[in-house]
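The basis for the numbers below is simple: all heavy atoms, side chains too, and nothing from hydrogens, waters or symmetry mates.
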Amino acid sequence: QVTLEESGGGLVQPGDSLRLSCAATSGRSFSMFTMGWFRQVPGKEREFVAAINWEGDITYYADSVKGRFTVSRDNAKDTVYLQMNNLKPEDTATYYCAADARWRPKSYSYWGQGTQVTVSS
């Protein structure tokens with residue numbers, strides 16, 4: 001079991017940057033979980049954004065964010081990050097982090113509650 005809490009969302013202008021954080025609480029070591037980021041807009045399906053493996057040396061991105069977003073993790077702080085640069089209005093969504101013991105970049109067992117990101121001028 002793992003509890004995830006996202007933070008760092010907010011209202012920004014196009015071209016701005018934002019860093020999301022996701023803190024994990026678990027009876028197991030954080031390094032035993034692979035982590036992912038997803039986003040969802042009301043009325044649409046949840047969309048995969050990025051994933052990172054246990055050690056943080058393998059990452060995987062959706063084409064829509066490749067080159068603009070960077071996923072990273074600090075296993076000493078039980079936290080995964082999503083650095084978002086050059087934000088666009090179409091990045092507006094609720095962003096969720098997720099965890100799983102296996103490496104399945106688009107499939108996870110545990111989910112956070114989400115943090116809202118709004119990109120608007």
Side-chain angles (χ1 to χ4, degrees):
Q1 185 72 23
V2 58
T3 301
L4 303 171
E5 183 174 1
E6 303 93 339
S7 62
L11 172 63
V12 297
Q13 295 186 340
D16 283 353
S17 296
L18 203 59
R19 188 177 80 156
L20 304 183
S21 299
C22 173
T25 303
S26 175
R28 301 169 65 186
S29 171
F30 179 64
S31 62
M32 296 181 71
F33 296 97
T34 65
M35 303 297 294
W37 286 97
F38 290 73
R39 64 188 181 187
Q40 189 170 24
V41 175
K44 293 189 176 182
E45 291 188 359
R46 190 157 47 191
E47 175 190 19
F48 168 78
V49 174
I52 189 166
N53 74 335
W54 303 272
E55 295 81 16
D57 58 343
I58 297 175
T59 56
Y60 182 56
Y61 297 94
D63 288 342
S64 58
V65 306
K66 202 172 295 183
R68 299 189 298 123
F69 290 13
T70 302
V71 60
S72 62
R73 66 189 294 161
D74 186 338
N75 286 346
K77 295 183 178 180
D78 296 351
T79 302
V80 63
Y81 305 98
L82 184 67
Q83 177 67 43
M84 306 185 293
N85 297 331
N86 190 23
L87 282 161
K88 304 175 180 180
E90 51 264 42
D91 294 319
T92 296
T94 301
Y95 283 72
Y96 299 88
C97 71
D100 200 277
R102 292 165 286 186
W103 176 239
R104 302 182 301 174
K106 297 184 179 181
S107 180
Y108 294 85
S109 300
Y110 305 102
W111 295 84
Q113 295 300 306
T115 186
Q116 177 67 36
V117 172
T118 302
V119 184
S120 175
S121 56

*Partner of Phe48 by ring pair (Phe, Tyr, Trp, His ring centres under 6.0 Å), out of Trp37, Tyr60, Phe69*: Tyr60

_Donor-acceptor pair, distance only, cut-off 3.5 Å: does the side chain of Asp100 make one with the backbone of Ser109?_
yes

*Is the Trp111 ring parallel, tilted or perpendicular to the Tyr96 ring (thresholds 30°, 60°)?*
perpendicular

*Can you tell if the side chain of Ser7 reaches within under 4.5 Å of the side chain of Thr115, non-hydrogen atoms only?*
no

*asked:* Any non-hydrogen side-chain atom of Phe38 less than 4.5 Å from a side-chain atom of Tyr108?
replied: yes

*Would you say Val80 and Val117 are hydrophobically clustered, going by side-chain heavy atoms of ILVMFWY under 4.5 Å?*
yes

*What closest approach, in Å, do Val12 and Ser17 show between heavy atoms, and which atom pair accounts for it?*
CG1-O, 4.4 Å

*Do Lys88 and Asp91 meet the salt-bridge criterion of a basic N to acidic O distance under 4.0 Å?*
no

*asked:* If you count heavy atoms of other groups shown closer than 6.0 angstrom to NZ of Lys77, is the number above 12?
replied: no

*Roughly how far, to the nearest 0.5 Å, is the CG atom of Asn75 from the CE atom of Met32?*
12.0 Å

_When you compare the side chain of Ser64 with that of Glu90, does any pair of heavy atoms fall below 4.5 Å?_
no

_So does Ala51 get a backbone contact from the side chain of Thr59, meaning a donor-acceptor N/O pair under 3.5 Å?_
no

*Do the side chain of Glu6 and the main chain of Gln113 share a donor and acceptor less than 3.5 angstrom apart?*
yes

*Compare all side-chain heavy atoms of Asp16 with those of Val119 and state whether any distance is below 4.5 angstrom.*
no

_Atom CD of Glu47: over 12 foreign heavy atoms under 6.0 Å_ = yes

*Could you pull out all residues at least two apart from Arg19 that satisfy salt bridge (Lys or Arg N to Asp or Glu O under 4.0 Å)?*
none

*Keeping the roles fixed (side chain from Tyr61, backbone from Val71), state whether a donor-acceptor pair exists under 3.5 Å.*
yes

*Name all residues meeting the side chain to side chain contact (heavy atoms under 4.5 Å, CB included) criterion together with Ala99; count only those two or more places apart in sequence or in a different chain, and write none if there are none.*
Val2, Leu4, Phe33, Met35, Tyr110

_Joint hydrophobic cluster, Phe30 plus Ile52, side-chain heavy atoms closer than 4.5 Å_ = yes

*Taking atom types as modelled and ignoring hydrogens, do the side chains of Ser29 and Ser31 form a donor-acceptor contact shorter than 3.5 angstrom?*
yes

*Is the side chain of Arg73 donor-acceptor paired with the backbone N or O of Asn53 at a distance under 3.5 Å, no angle test?*
yes

*How many angstroms lie between OG1 in Thr34 and CD1 in Ile58, if you round to the nearest 0.5 Å?*
11.0 Å

_From Arg39, Gln116, Gln40, residue fulfilling side-chain hydrogen bond (donor to acceptor under 3.5 Å, both in side chains) relative to Tyr95_ = Arg39

